[in-house]
**Student:** 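Have a look at the structure that comes next, please.
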Amino acid sequence: MDYLEELNEPQREAVLYTEGPLMIIAGAGSGKTKVLTTRIAHLMAKGVDAFTILALTFTNKAAREMKERVEKILSGNGSSAAGREVRNLYIGTFHSVFARILRTEASHLGFPNNFTIYDTDDSKSLIKTIVREQNLDEKIYKSNYVLNRISAAKNSLVGWEEYAQDFHARNDDQHANRPLIYKLYEVYVKRCFRNGAMDFDDLLFNMHKLLTSFPEVLHKYQHKFKYILIDEYQDTNPAQYAIIKLLGAVYENICVVGDDAQSIYSFRGATIQNILQFEKDYDDVRVVKLEQNYRSTKSILKVANEVIANNKLQIQKVLWTDNTPGEKIILMRTMSDNDEGRFVADIIAEQKLRNHYHEKDFAILYRTNAQSRSFEENLRRKNIPYRIYGGLSFYQRKEIKDIVAYLRLIVNTRDEEALRRIINYPVRGIGKTSLEKASLIANQHQITLWQVLEQAAMFGFRAGTLNAIENFVIMIKSFQIMLEKHTAYEVAFRVGKETGIIKELFNDKSTEGVARYENIQELLNSIKEFTETPDEEGELADKGLGSYLQQITLLTDADKGDEDSDVVRLMTIHAAKGLEFPCVFVVGLEETLFPNAMSVNDREDLEEERRLFYVAVTRAKTKLWLTYANTRYRFGNLVQNDPSRFLDEIPKAYLEESFVGRSAAGAGYQPAWERPYMSQRDTQAKASVSGMASAKVTPTKVIVDHTPSAGFKPDDPSTFEAGMEVEHQKFGFGKILKLEGNSGNRIATVFFHKAGEKKIMLNYARLQVVKKEIG
DNA sequence: GATTGCGCGATTTTT
DNA sequence: TCGCGCAATC
């Protein structure tokens, strides 16, 4: 049992206490994953059957890492066939594990076993159609709002029936001038059912329904899972809580791991109460606190601890470390958001040289995605490679969703969202009017949209439309038949080919067109890989197209490798949870931005913002910068900021002098407002701050002609001139034909002229000079 | 059915 | 400010 030797005392206790309810409070960087994986390995080493162990995480990445590390411990322990054993473990995200169970038990609930999983976009678009059908005002019943209400209800296990009876919910809706939410909820649920689809929340809600409505199913899984482990317990919502409670009721070998100080997902329905109350849920709960941090310096931990200490809602603990005291935290104030970006980029460039850091050692963490712009621009200028996390995920891209929609329809013709997406894409003459008519018929007859199309001849469509519909139906059916004899990959390829989607993208030679074409290729490859990899034995193996489609909706961009590429990482603090970096910048520490005014309605919300700050700073191993800007553009308006209250909660002794008005950071930086250079925007900022009338900025227009080429070495774009080769992030390379108005490095509007196409209006922020043309 | 031009709104987002 | 979605066009 040499794996036990590597553990400290509380860690060992957490591993060895295998019987009975256990709560592990794992502070940031205290070796949580190590404990969890060792615990699983220990159970297996003791002879516990892998089939009986259930471990639930929130991300696919966490699940994957857990599997890998368990396997590693086991093989290090001399256990043969470790790999096969590990594959038998039920390790996965809440959503993927429940989806798998729901798939096998679907018939109990009246769902097809190849039910579609709706992502947020599908849900929103379905809500939009329903709102329209109900003749409600889409401005009032916005899909986002409605979905949030429904989602919150489901996460609290309030079904549509109860919701309609729920005085408080109804009263709230009445108050918000949206009294008919309950009705939309009902229609939405029924429509999902008709479509043979579950949304993300349904995977939890229906799992709970399955367990509570069918005692034999509950019995089966209660006895199957003898050991249950839950990661990130502080982020569970009431539905997850209830399911865990049900599943663990027989053996009560429930081990939850979490850190109340890192509960930052209340807006997704998570409740910190689950972890605060765990001790009351069972008799004899053992609590183990992992308080030794192995990640950060003493200064960094101090800052984290001091801020979080202001919270009332917490489990008492003190995170400590044996690590070096480290350097003081550098607090940097800049004049504008733009300067903030420039200084951060400067510091990264300098630190790289001075301390031999790599780009991947740096992370810039912000509260809102909109803040990424100034960092992006400045890193780009200095030629520092970076990557912004948290844009569109691969599977949310249009071209991917289009192909996937065809596949979804082939597998499950009840899937109305898929059908709507592609019924007239590529254009085949079934327009809005015809679709509306078909929908109406479907609703009247209480049948699916697909059934209407199948029997279109009965419903009096115009001859041309009827013909188009029949051809469409025949095409989809031919794909279905093909699926019986051919692999999913071949069918997908045929879909792309026969619909003309592949051809269309192939012919599009613009940068984005090429990228899209490549995305399609990547999709096809992933289908091939998933469906044609030989089966492993075991009950989990299911390599069909239906199974593929279910798992891709549960994937996110964060799941796709790319971890090792040497780039500076830019992301929101939420996205940074679970990660660590030698050097971290926590930026935009301004009151109303962070803590964010929109999310703070009461004391508890402020506490969550504090936890967010805690998460942010504890990502840092050795160096930490906290920055804020005096002025910042928000929604196009220049606003003045007060420093975040969190900064007042940090003892000054831990901060490096670089405070207001003084020279920044001791690292030799000249504060922005003392520097000669000042961009137009900064000038305007300064003018407005000091009360002068702000200078009016004349928009500069640039005409750009698209001339595809590659291989230019980027140059510092101090000014734009006619004749310059420029690169646009999205539209690729082009050439400035003509300058209108002032030249400078700020251009308000750009006309990007793609060959043979219309002019496109672009924004300056995405332009970069790649080659200066002489003469 | 495709194109254009205004008006509105704008956190965080593991699945 | 910027992007989207809708209504008004051809």
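A, B, ... follow the sequence lines: proteins, then strands. Residue 1 opens every chain. Hydrogens, waters and symmetry mates play no part in the numbers below; they use all other heavy atoms, side chains included.
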**Student:** Between C1' on B:dG1 and CG on A:Leu435, what's the gap in Å once rounded to a whole number?
**Tutor:**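 One finds 14 Å between C1' of B:dG1 and CG of A:Leu435, rounded.
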**Student:** Among B:dT15, B:dT11, B:dT14, find the nucleotide with the atom closest to the side chain of A:Phe200.
**Tutor:**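 Of B:dT15, B:dT11, B:dT14, B:dT15 is nearest to the side chain of A:Phe200.
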**Student:** Taking NZ from A:Lys577 and P from B:dT14, how many angstroms apart are they, rounded to a whole number?
**Tutor:**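 The distance from NZ of A:Lys577 to P of B:dT14 comes to 11 Å, rounded to the nearest Å.
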**Student:** Map A:Gly431 and A:Thr93 onto DNA chain B by nearest heavy atom, then report which one ends up closer to the 5' terminus.
**Tutor:**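 In this pair, the answer is A:Gly431.
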**Student:** Under 4.0 Å, counting only non-hydrogen atoms across every strand here, what does A:Gly429 touch: a base, just sugar-phosphate, or nothing?
**Tutor:**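 Since only primed, P, OP1 and OP2 atoms lie under 4.0 Å of A:Gly429, the category is sugar-phosphate.
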**Student:** Do A:Arg610 and A:Phe646 meet the cation-pi criteria used here (NZ or CZ under 6.0 Å from the six-membered ring centre, within 45° of the axis)?
**Tutor:**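 No; the conditions do not both hold, so A:Arg610 does not lie above the ring face of A:Phe646.
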**Student:** Give the nucleotide from the list B:dT11, B:dT14, B:dG1 with an atom nearest to the side chain of A:Ser599.
**Tutor:**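 In terms of side-chain proximity for A:Ser599, the closest of B:dT11, B:dT14, B:dG1 is B:dT11.
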**Student:** Just by distance, with hydrogens left out, do A:Ser374 and A:Arg342 show a side-chain donor and acceptor under 3.5 Å apart?
**Tutor:**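 No, because no side-chain N or O of A:Ser374 sits under 3.5 Å from a partner of the opposite role on A:Arg342.
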**Student:** Has A:Asn369 got a side-chain N or O lying under 4.0 Å from the OP1 or OP2 atom of B:dT11?
**Tutor:**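 For B:dT11, neither OP1 nor OP2 has a side-chain N or O of A:Asn369 closer than 4.0 Å.
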**Student:** The side chain of A:Asp235 is closest to which nucleotide in this list: B:dG1, C:dC6, B:dT14?
**Tutor:**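 My answer, after comparing the listed nucleotides, is B:dT14.
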**Student:** Which nucleotide sits closest to the side chain of A:Lys142: B:dA10, B:dA2, C:dC6?
**Tutor:**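 Closest of the options to the side chain of A:Lys142: B:dA10.
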**Student:** Could you please name the option among B:dT14, C:dG5, B:dT12 that lies closest to any side-chain atom of A:Lys128?
**Tutor:**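 Looking only at heavy atoms from C-beta outward on A:Lys128, the closest nucleotide is C:dG5.
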**Student:** Does B:dT11 fall in syn (glycosidic angle within 90° of 0) or anti?
**Tutor:**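 Syn.
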**Student:** Rounding to a whole Å, what distance do you find between A:Leu612:CG and B:dT14:P?
**Tutor:**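 Roughly 14 Å, once rounded to whole Å.
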**Student:** Find the distance A:Glu608:CD to B:dT11:C1' and express it as a whole number of Å.
**Tutor:**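 Atom-to-atom, A:Glu608 to B:dT11, this comes out as 12 Å.
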**Student:** Rounded to the nearest Å, what distance is computed from the CZ atom of residue A:Arg462 to the P atom of nucleotide B:dG1?
**Tutor:**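 After rounding, the gap between these two atoms is 9 Å.
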**Student:** Need one value for A:Glu138: base, sugar-phosphate or nothing, where a base atom within 4.0 Å counts as base even if backbone is also close, heavy atoms only.
**Tutor:**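 Here A:Glu138 touches the backbone only, sparing every base.
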**Student:** Could a donor-acceptor pair under 3.5 angstrom be found where the side chain of A:Arg268 meets the base of B:dT15?
**Tutor:**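 By the distance-only test, yes, there is a pair.
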**Student:** A:Met598 or A:Lys432: which one's nearest nucleotide on DNA chain B is closer to the 5' end?
**Tutor:**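 First, find each residue's nearest nucleotide; the 5'-ward one identifies A:Lys432.
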**Student:** Looking only at side-chain atoms of A:His95, point me to the closest of B:dT15, C:dC6, B:dT11.
**Tutor:**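 Side chain of A:His95 sits closest to B:dT15.
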**Student:** From the options B:dT13, B:dG1, B:dT14, select the nucleotide whose nearest atom is closest to the side chain of A:Asn424.
**Tutor:**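 Closest nucleotide among those given: B:dG1.
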**Student:** With a 4.0 Å cutoff (strictly under), does any side-chain N or O of A:Lys154 reach OP1 or OP2 of B:dT15?
**Tutor:**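 A:Lys154 to B:dT15 OP1/OP2: no side-chain N or O under 4.0 Å.
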**Student:** So what's B:dG1 paired with, Watson-Crick or G-U wobble, going by both distances under 3.5 Å?
**Tutor:**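 Matched B:dG1 with C:dC10 under the 3.5 Å cut-off.
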**Student:** Whether the A:Thr627 and A:Glu340 side chains hold a donor-acceptor pair (N or O, under 3.5 Å, no angle test) is what I'd like checked.
**Tutor:**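 Yes, side-chain donor-acceptor contact under 3.5 Å.
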**Student:** Can you tell which of A:Asp415, A:Asp199, A:Asp202 makes a side chain to side chain donor-acceptor pair (under 3.5 Å) with A:Tyr118?
**Tutor:**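 Going through A:Asp415, A:Asp199, A:Asp202 one by one, the side chain to side chain donor-acceptor pair (under 3.5 Å) with A:Tyr118 is satisfied by A:Asp415 alone.
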**Student:** With the side chain of A:Asn60 defined as its heavy atoms from C-beta on, choose the nearest nucleotide among B:dT13, B:dA2, B:dT15.
**Tutor:**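 Ranking B:dT13, B:dA2, B:dT15 by closest atom to the A:Asn60 side chain puts B:dT15 first.
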**Student:** Side chains of A:Ser599 and A:Asp605 only: does a donor on one sit below 3.5 Å from an acceptor on the other?
**Tutor:**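 Result is no, nothing qualifies.
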**Student:** Please state how far atom CG in A:Leu365 lies from atom C1' in B:dT13, giving the value in whole angstrom units.
**Tutor:**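 Answer to the nearest Å: 16 Å.
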**Student:** Contact class for A:Leu593 (heavy atom, under 4.0 Å): base, sugar-phosphate, or nothing?
**Tutor:**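 No contact.
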**Student:** Reckon A:Arg634 touches a base, only the sugar-phosphate, or nothing at all at heavy-atom distances under 4.0 Å?
**Tutor:**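 Result for A:Arg634 = nothing.
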**Student:** Atom CG of A:Leu56 and atom C1' of B:dT15: how far apart are they, to the nearest Å?
**Tutor:**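 Rounded to the whole Å, the gap is 13 Å.
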**Student:** Is there side-chain contact between A:Leu612 and A:Gln262, with heavy atoms separated by less than 4.5 Å?
**Tutor:**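 No - every pair of side-chain heavy atoms lies 4.5 Å or more apart.
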**Student:** Consider the side chain of A:Tyr265, meaning its heavy atoms from C-beta on, and name the nucleotide among B:dT14, C:dC6, B:dA10 that approaches it most closely.
**Tutor:**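 Per side-chain heavy atoms of A:Tyr265, the pick is B:dT14.
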**Student:** Compute the centroid of each ring, for A:His574 and then for A:Tyr265, and state whether the two points are separated by less than 6.0 Å.
**Tutor:**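 Under 6.0 Å, so yes.
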